[in-house]
Number of protein chains: 2
Amino acid sequence: MSTLADEKHDPADDRLLTDQLFDQLSEAIVMGTFAPGSKLSEPRLAAQYGVSRGPVREAIRRLEERKLVTSAPRQGVRVVVPTPEDALELFTIREVLEGLAARHAADNATDAEIEDLRTMLAGHRQALSKPDAMVYWQATANSDFHFMVARIGRNQHLFDLLCGEYYTLFRLYRMRHRIVPGRAQRALAEHERIVEAIADRDAELSELLMRRHIASARTGLINQATA
Amino acid sequence: MSTLADEKHDPADDRLLTDQLFDQLSEAIVMGTFAPGSKLSEPRLAAQYGVSRGPVREAIRRLEERKLVTSAPRQGVRVVVPTPEDALELFTIREVLEGLAARHAADNATDAEIEDLRTMLAGHRQALSKPDAMVYWQATANSDFHFMVARIGRNQHLFDLLCGEYYTLFRLYRMRHRIVPGRAQRALAEHERIVEAIADRDAELSELLMRRHIASARTGLINQATA
DNA sequence: ACGCTCAAATCTGTCGACAGAATTGACGTT
DNA sequence: AACGTCAATTCTGTCGACAGATTTGAGCGT
C-alpha cells in the first residue's frame with residue numbers, strides 16, 4: 001500500500017497532494033484498475049491513499065474537467081465508459097489539432113529541432129527491433145513524437161490542449177487499441193515521412209500527412225471497436 | 001451585496017455553490033471587475049460571497065483549468081493577463097475547430113435545423129437595426145450562431161470544447177475587441193453565407209467560410225492589439 | 001531618502017466534523 | 001420468488017480550524 005502521506009516528507013517530492021492524486025487516479029483509470037462505470041467514493045479513496053477528502057475532491061474535479069469521469073450532483077462520480085462514438089469524436093478533433101500543430105511545426109522548426117526529431121525517430125526505429133518493442137512504443141515513443149511536434153509548433157495553448165488537457169483521454173482510447181501486428185512499424189514510417197515534410201518546410205504536406213496519420217489510427221480504433 | 005448563502009434556500013436555485021461561484025467569478029473576470037494580474041484571495045472571496053473556502057477553492061481550480069487564472073503553488077492565483085500572442089494562438093485553434101464544426105453541420109443538418117438557423121439569423125438582422133444593437137450582438141447573437149452550428153455538427157466533445165471549456169476564454173478576448181463600426185453587420189452577412197452553404201449541404205464551402213469568418217475576427221483583434 | 005531585517009498579518013494546503021441526501025439491505029407482503 | 005417499504009449505512013456538499021509558508025510593513029541603519 002503506497003499511501004501518499006508516507007512519502008510526503010521526501011523533500012524532493014514537494015508536489016501538492018492534489019497533483020499526485022490526479023496522476024495516480026488518471027493512471028489507474030487509463031490502465032483499467034478502476035473499471036469503466038465504477039463509482040469513485042471520496043472517503044474510500046481518501047483512506048486508500050492516506051489523505052483527507054479535500055485533495056481527493058480536487059483531484060476528482062480535475063478528472064471531471066478532463067472527461068475521465070462523469071459526475072452527477074449528489075451522486076458521486078463514475079469512471080467514464082468509453083464508447084466507439086466517443087473515440088470517433090475525439091480522434092476527429094485530434095486530427096485537425098495535430099494537423100495544425102504539424103503545419104506550424106513546418107513553419108517554425110529550427111535546424112536543431114529537425115535534427116532532434118530525426119535523432120528521436122532513429123532511436124525509436126532501433127527500439128522497435130528489440131523484444132518488448134510494443135510496450136515501449138505504446139508507453140513512450142508514440143507520445144514523444146507527437147509531443148515534440150506540438151512543441152515545435154510554438155502554440156502554447158495548442159500544446160497544452162494536445163499534451164495536457166486531452167493527453168490522458170487520448171491515451172485512454174489508444175490503450176483500448178490493442179496493437180495490431182505491424183501497426184507500430186507502419187506508424188513509425190508515417191512519423192518519418194512527417195518529419196521529412198517538416199524538414200522541407202512543407203507546411204501543407206506536413207499537415208496532410210499528420211492528418212492522414214491520425215485518421216489511420218482512428219480507423220484502426222473504430223474497426224476494432226465494431227469487430 | 002449579493003451573498004450566495006442568502007439565496008441558498010430558494011428551492012429553484014439548487015445549483016452547487018461551486019457552480020454559482022464559477023459563473024460569477026468568470027463573469028467578473030470577463031467584465032474586468034477583477035483587473036488582469038490582480039490576485040484572488042480565497043478568504044476574501046469566501047467572505048465576499050458569504051461561503052466558506054471550500055467551494056471558493058473548487059471554483060478557482062476550475063478557473064485555472066479554463067485558463068482564466070494562472071496559479072503558482074503556495075502563492076495563490078492571479079487573473080490572466082491577456083496578450084496579443086495568446087489571442088492569436090486561441091483564434092488559430094478556434095479557426096480549425098469551428099471550421100470542423102461547420103463542415104459536420106453541413107453533413108448532418110436536418111431541414112428543421114436549417115430552418116432554425118435561418119429564423120435565428122432573421123431575428124439577428126432585425127435586432128441589428130435597432131438601437132443598442134451592439135450590446136445585443138456582443139451579448140447573445142454572436143454566441144447563439146456559433147452554439148447552434150456546433151450543436152448541429154453532432155460532435156459532443158467538440159461542442160463541449162467550443163461552447164464549454166473554451167467559451168469564457170474566447171469571450172474574454174472578444175470582449176477586448178471593441179466593436180468597430182460595421183463589424184457586426186459584416187459578421188452577420190458572413191453568418192448568413194455560412195448558413196446558405198450548410199443549407200446546400202456543401203461541407204467544404206461551409207468549412208472554408210467559417211474559417212474565413214473566424215480569421216476575419218482574429219485580424220480585427222490583432223490589428224487592434226498592435227494599434 | 002533608500003535599503004535591510006525581522007516580526008505581524010495573511011494566505012495556502014490540509015485536515016476533521018456535521019447535516020441532509022442518496023444508497024443499501026433487511027423485512028414483510030403478495 | 002418478485003416487489004415494495006423503511007431503517008441503517010454511506011456519501012456528498014459545506015463548514016471551521018490549524019500549521020507552515022508567504023507577504024506586508026514597521027523599525028532600524030546608512
Side-chain angles (χ1 to χ4, degrees), chain A residues 1-25 28 34-35 37-65 68-80, chain B residues 1-25 28 34-35 37-65 68-80:
Chain A
M1 179 69 64
S2 73
T3 68
L4 296 175
D6 295 346
E7 303 155 8
K8 198 188 159 196
H9 290 293
D10 183 344
D13 193 1
D14 193 22
R15 298 169 56 224
L16 301 179
L17 289 181
T18 299
D19 295 333
Q20 298 176 250
L21 280 167
F22 174 75
D23 289 345
Q24 299 214 17
L25 295 177
F34 298 133
S38 62
K39 190 174 169 185
L40 294 187
S41 152
E42 292 174 11
R44 221 174 86 275
L45 290 173
Q48 186 170 335
Y49 287 97
V51 299
S52 80
R53 275 181 57 213
V56 171
R57 264 182 87 84
E58 287 188 18
I60 285 181
R61 286 285 142 60
R62 201 185 302 177
L63 294 176
E64 187 186 347
E65 284 288 310
L68 293 169
V69 300
T70 58
S71 141
R74 268 169 252 275
Q75 292 180 192
V77 299
R78 298 185 167 280
V79 176
V80 70
Chain B
M1 177 68 67
S2 74
T3 68
L4 295 175
D6 295 346
E7 304 155 8
K8 198 186 159 194
H9 290 293
D10 184 344
D13 194 359
D14 193 24
R15 298 169 56 224
L16 301 179
L17 289 181
T18 300
D19 295 333
Q20 298 176 250
L21 280 167
F22 174 74
D23 288 345
Q24 299 214 17
L25 295 177
F34 298 133
S38 63
K39 189 174 168 186
L40 294 187
S41 151
E42 291 174 12
R44 220 173 86 274
L45 290 173
Q48 186 170 336
Y49 288 96
V51 299
S52 78
R53 275 181 57 214
V56 171
R57 264 182 87 84
E58 288 188 18
I60 286 180
R61 286 285 143 62
R62 201 185 303 176
L63 293 175
E64 186 186 348
E65 284 288 310
L68 293 169
V69 301
T70 58
S71 139
R74 268 168 255 274
Q75 290 180 199
V77 299
R78 296 184 167 281
V79 176
V80 70

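Naming convention: chains lettered A, B, ... in sequence-line order (proteins, then strands); numbering from 1 in each chain.
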Peer 1: Looking at every non-hydrogen atom in both residues, tell me the closest pair between B:Lys39 and B:Gly76 and how far apart they are.
Peer 2: CE-CA, 4.3 Å

Peer 1: To the nearest Å, give me how far apart CG (A:Leu45) and C1' (C:dC15) are.
Peer 2: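 Computing the A:Leu45:CG to C:dC15:C1' distance gives 17 Å.
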
Peer 1: Could you state the atom-to-atom distance from CG of B:Leu17 to P of D:dT12 in whole Å?
Peer 2: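 So the CG-P distance, B:Leu17 to D:dT12, works out to 17 Å.
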
Peer 1: Check the distance between D:dT14's P and B:Arg15's CZ and give it to me in whole angstrom.
Peer 2: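 Roughly 11 Å, once rounded to whole Å.
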
Peer 1: Are any side-chain N or O atoms of B:Arg78 and backbone N or O atoms of B:Gly37, one a donor and one an acceptor, separated by less than 3.5 Å?
Peer 2: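 It does hold such a pair.
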
Peer 1: Locate the shortest heavy-atom distance separating A:Leu25 from A:Ala59; write the atom from each residue and the value.
Peer 2: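 Distance-wise, the nearest heavy atoms are CD1-CB, 4.2 Å.
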
Peer 1: Without decimals, in angstroms, what is the distance between B:Leu16 CG and D:dC15 P?
Peer 2: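 It is 12 Å, rounded to the nearest whole Å.
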
Peer 1: Between A:Tyr49 (OH) and C:dC15 (P), how many Å, whole number?
Peer 2: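 Going from A:Tyr49 (OH) to C:dC15 (P), I get 15 Å.
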
Peer 1: Would you tabulate the pairs of protein nitrogen or oxygen atoms and nucleotide nitrogen or oxygen atoms of nucleotides 9-11 of chain C closer than 3.5 angstrom?
Peer 2:
residue: C:dC11; atom: OP1; partner: B:Ser41; partner atom: OG; Å: 3.3

Peer 1: Base, sugar-phosphate, or nothing: which does A:Arg61 touch, judged by heavy atoms less than 4.0 Å apart?
Peer 2: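 Sugar-phosphate contact only - A:Arg61 comes under 4.0 Å of backbone atoms but never of a base.
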
Peer 1: Which is more 5' along DNA chain D, the nucleotide nearest B:Glu58 or the one nearest B:Arg53? Just name the residue.
Peer 2: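 It is B:Glu58, whose closest nucleotide lies nearer the 5' terminus.
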
Peer 1: Restricting to non-hydrogen atoms, name the atom on B:Val56 and the atom on B:Leu45 that form the minimum distance, rounded to 0.1 Å.
Peer 2: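 Closest pair (atom of B:Val56, atom of B:Leu45, distance): CG1-CB, 4.0 Å.
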
Peer 1: In whole Å, what is the span from the CG atom of B:Leu21 to the P atom of D:dT14?
Peer 2: 9 Å

Peer 1: Using a strict 4.0 Å threshold on nitrogen-to-oxygen distance, state whether B:Glu64 and B:Arg61 make a salt bridge.
Peer 2: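 Yes.
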
Peer 1: Identify the heavy atoms of A:Gln20 and A:Arg15 that sit nearest to each other, and give their distance.
Peer 2: OE1-O, 3.2 Å

Peer 1: Starting at atom CZ of B:Arg57, determine the distance to atom P of C:dC15, rounded to an integer number of angstrom.
Peer 2: 11 Å

